[in-house]
Structures are given as C-alpha cells and as structure tokens.
> 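The structure's right below; bear with me while I get my questions together.
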Amino acid sequence: MEKQQSDLERDRQYCELCGKMENLLKCGRCRSSFYCSKEHQKQHWKEHKLICKEADKAQTPKQKPEQTPPSGDNKAPEKPREKTGSEQADSSASPQPTSTEAGDKPGEDGSNDTATPNGQTSSSPQKLALEYIVPCMNKHGICVVDNFLGAETGQGILENVKALHKTGKFTDGQLVSQKSDSTKDIRGDKITWIEGRESGCEKIRFLMSRMDDLIRHCNGKLGNYTINGRTKAMVACYPGNGTGYVRHVDNPNGDGRCVTCIYYLNKDWTAKEHGGLLRIFPEGKAQFADIEPKFDRLLLFWSDRRNPHEVQPAFATRYAITVWYFDADERARAKEKYLTGAGEKGVKVELGKPSDPS
C-alpha cells in the first residue's frame, strides 16, 4: 500500500520551472509543488504564488502558524520540508459528502445509505477518502461530495473556465469511433483538454491536485485497482441549447480507466428549470441515480460497464471538469494490445485522450 502511494505521488513530482524529476524540494507553504533548487523556486514564485495562496487558504488553523507566507512577489516560500503522507494530505477545506439525489438512489433498498455518517466531519482528504469515499464506492460504485473546495476556490475555478471558454479553444466533443454525421446527435458539448500548467489555469490545476490527493489516499482500497496515473483534465461546456449526451459507458473496452472524477461549476442550478442531470443506471439495479451538476460538487463513479450514464438536455450553460484515473494492470494490457496490433481501430485515441465526458 505504501509503495503504491509513493509511486503515484512520485509520478506527480517534477520541478515546476524546468521539469527535472530528481533531488526535488517541496514548497514549504502549499506542500504540493516541487523544485530542483531554491533558485528555480524563486524564479517561479510570481506564477506559483496564485496556486500557493489557494492552498494556504485551505489550511487548517493549526497548520497556518507553521507556514509563514512570503511578504513579496520575488520572495520564495520557506525552505521545503518533507512531510509524512498524512501531513501532506491535511490541506483542503472541509467538504460535506452527500448521497445522490433523493428518490433515485443506487442503494438496493432505496434507502439513503450513501449519505454522510452522523457526526462525521471531513477535515482532510485522507479522512474523506477513507471514511466516506472508499466505503461508498465499494458498496455503490457512485459517490457524491458537496462543498468540495468551498465557494471562494470554486469561484476561482469557474473564472478560469469561463476565461478559457472565451478564448474559443473549445471544440466539439468527439467520439472514440468517429462517424462524420452522427456526433452532434449523440453529444452536444464543447471541450478542451488542460494539463494544468497553462497560463490562466492555476485554479484548475489546484482542483486537479486536490483530486489527486483524494485518489492517492483511496489507492489500494478502491476495488482491486492499483491506480498509477490519470488523464489531463477535460473541461466541458454544454451551451444550454437543449443538447446533452446519450446513454453511454466511459470505458466499455478496457482502455485502463477505472474511476471517473467530475467537478461541477454551475451556480444556482435546478434540474426542474435547467435540466442537465447526469443520470446513472447502475448495473444490476432497478433504480437510477440522478446527479444535479451543482456548483462545487464532486462526483466519482466506476468508469466501466457498471455505470452506463447520460447527460440530459441542458437549458443553461453547463460546465464540468472531468479527470479519469487509470488502473495500472488494465492500462498496461490496453497499451500492449495496441502495440501488438490486436486492438480495434480507435484504441490509439482512447489511450491518448479519452473522449467520453459526463
């Protein structure tokens, strides 16, 4: 378990300025970014401070006295200091886990047994992962967390996304098996792929790092998966003209994706007025689960055939950010299948940028 966690964390470690992956120092303030030297840390501070300040806002009061923020734009954070896994994790706001929408729960008896246990408080990604997400995913295959990052951070992410949308870089969503005339009948979203280092995407990157923290703490406990990587973030927009996405499965053919992780950014959203529900049809269950794409809501579910789902027609602009996490063994088999030429046409697209949004 510890090796799995360290392998995943090591994959995310590189110098923010030059990309070097050896002899790294950790930022002593946000504890989520790395540098190969103090000099590179100082040179990158002007850009990094935006992410660093977001992380600092999310620190608990107990942590803040230990982390003195820099006083000027050219001054780097304190000398990086390695922390244990649990200390690194304790850095986000207190999200409130919730069940799927009332009336259509994936529980076998229709009861609200995916909700937060009474009295539970999720003060860290580690506690949220182990006490709520792991048992909820293993029982239902679907898990919803509300107020994941808090209103202020969520607003910053929304502003990043709206600014991206204005650049015109969003393109029509594609299908793995592309048919020239059929795509718009199947899905009506516009998408763009974000690595997190792009200018103007600092808050999106912060979201990605918090998602990674959760998965790192879940790793080894989610089914039989060993998660060793993820896709870039897919930012999707349904323009609000009644388009949606017909019923589909994210990973129907074993491309390696095991967990779909979606963050919603839609303020004051009500399904009755705006539509846009994500409806999941859990395999082998009579009930379906309706998920409203509410602001600062995080949704996780198994990516394979256990969770067919659809995006119902949206009548207001609907934003979401999706990241898919890979199972090491299935991903390796998918790559081998492609490299040996045994895969069906289109596997290369699946291995590069999965194109099934939610």
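For this chain, numbers begin at 1 and follow the sequence in order.
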> Show your working on side chain to side chain contact (heavy atoms under 4.5 Å, CB included) between L300 and I215 and close with a plain yes or no.
CA-CA 10 Å; L300 302 93; I215 296 299; 4.1 Å; yes

> Is any side-chain heavy atom of M137 closer than 4.5 Å to one of W302?
yes

> Locate the shortest heavy-atom distance separating K221 from V134; write the atom from each residue and the value.
O-CG1, 3.6 Å

> Examine the side chains of D296 and Y264 and answer whether a donor and an acceptor come within less than 3.5 Å of each other.
no

> Any non-hydrogen side-chain atom of V235 less than 4.5 Å from a side-chain atom of F170?
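When only atoms from C-beta onward are counted, F170 and V235 do touch, with a gap below 4.5 Å.
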
> Charged N to carboxylate O below 4.0 Å: is that the case for R230 and D212?
yes

> Could you check if a side-chain atom of E336 sits within less than 4.5 angstrom of a side-chain atom of L339, using non-hydrogen atoms only?
no

> For a 4.5 angstrom cut-off between non-hydrogen side-chain atoms, does R279 reach Q312?
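Contact flag for R279/Q312 side chains = yes.
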
> Please report the closest heavy-atom contact between Y238 and T243, naming both atoms and the distance.
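What the structure gives for the nearest pair is CD2-O, 3.8 Å.
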
> For the pair Y35 and K42, evaluate side chain to side chain contact (heavy atoms under 4.5 Å, CB included) and give the outcome as yes or no after the intermediate values.
CA-CA 9 Å; Y35 295 93; K42 289 178 181 178; over 6 Å; no

> Could you tell me whether the side chain of L278 reaches within less than 4.5 Å of the side chain of P293, counting heavy atoms only?
no

> Would you mind reporting whether F315 and H274 have side-chain heavy atoms less than 4.5 Å apart?
no

> Looking only at heavy atoms, which two atoms of W269 and E292 are closest? And how far apart?
O-OE1, 3.4 Å

> With a 3.5 Å distance limit and no angle check, can you tell me whether N266 reaches the backbone of K294 through a side-chain donor-acceptor pair?
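Flag not set: sc N266 to bb K294 has no pair under 3.5 Å.
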
> What closest approach, in Å, do R257 and N251 show between heavy atoms, and which atom pair accounts for it?
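Closest approach of R257 to N251, heavy atoms only: O-ND2, 2.8 Å.
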
> Quick check: closest heavy atoms across A289 and P282, and the distance to 0.1 Å?
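Looks like N-CD, 4.4 Å.
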
> What are the two closest non-hydrogen atoms of P313 and G242, and how far apart are they?
CB-O, 3.2 Å

> Would you say that N307 contacts T260 through its side chain, given a criterion of any heavy-atom pair below 4.5 Å between the two side chains?
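Counting from C-beta outward, N307 and T260 never come under 4.5 Å.
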
> Taking the side chain as C-beta and beyond, is there a heavy-atom pair between I280 and F288 under 4.5 Å?
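In short, these two side chains do not touch, never coming nearer than 4.5 Å.
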
> Between D255, D250, T231, which is the residue that forms a side chain to side chain donor-acceptor pair (under 3.5 Å) with W324?
D250

> Determine the interplanar angle of the H165 and Y319 rings, folded into 0 to 90°, and report it as parallel if under 30°, tilted if 30 to 60°, perpendicular if over 60°.
perpendicular

> My understanding is that only residues two or more places apart in sequence, or in another chain, count here; which of them pass ring pair (Phe, Tyr, Trp, His ring centres under 6.0 Å) with F295?
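Checked F295 against ring pair (Phe, Tyr, Trp, His ring centres under 6.0 Å); zero matches.
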
> Between the main-chain N or O of H309 and the side-chain N or O of H248, is there a donor-acceptor pair closer than 3.5 Å?
yes

> N160: what forms a side chain to side chain contact (heavy atoms under 4.5 Å, CB included) with it, not counting sequence neighbours?
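For N160, the residues satisfying side chain to side chain contact (heavy atoms under 4.5 Å, CB included) (neighbours in sequence not counted) are K203, I204.
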
> From I291 CD1 over to L277 CG, what is the distance, rounded to the nearest 0.5 angstrom?
8.5 Å

> Where the side chain of D327 meets the backbone of T226, is there a donor-acceptor pair that is under 3.5 Å apart?
yes

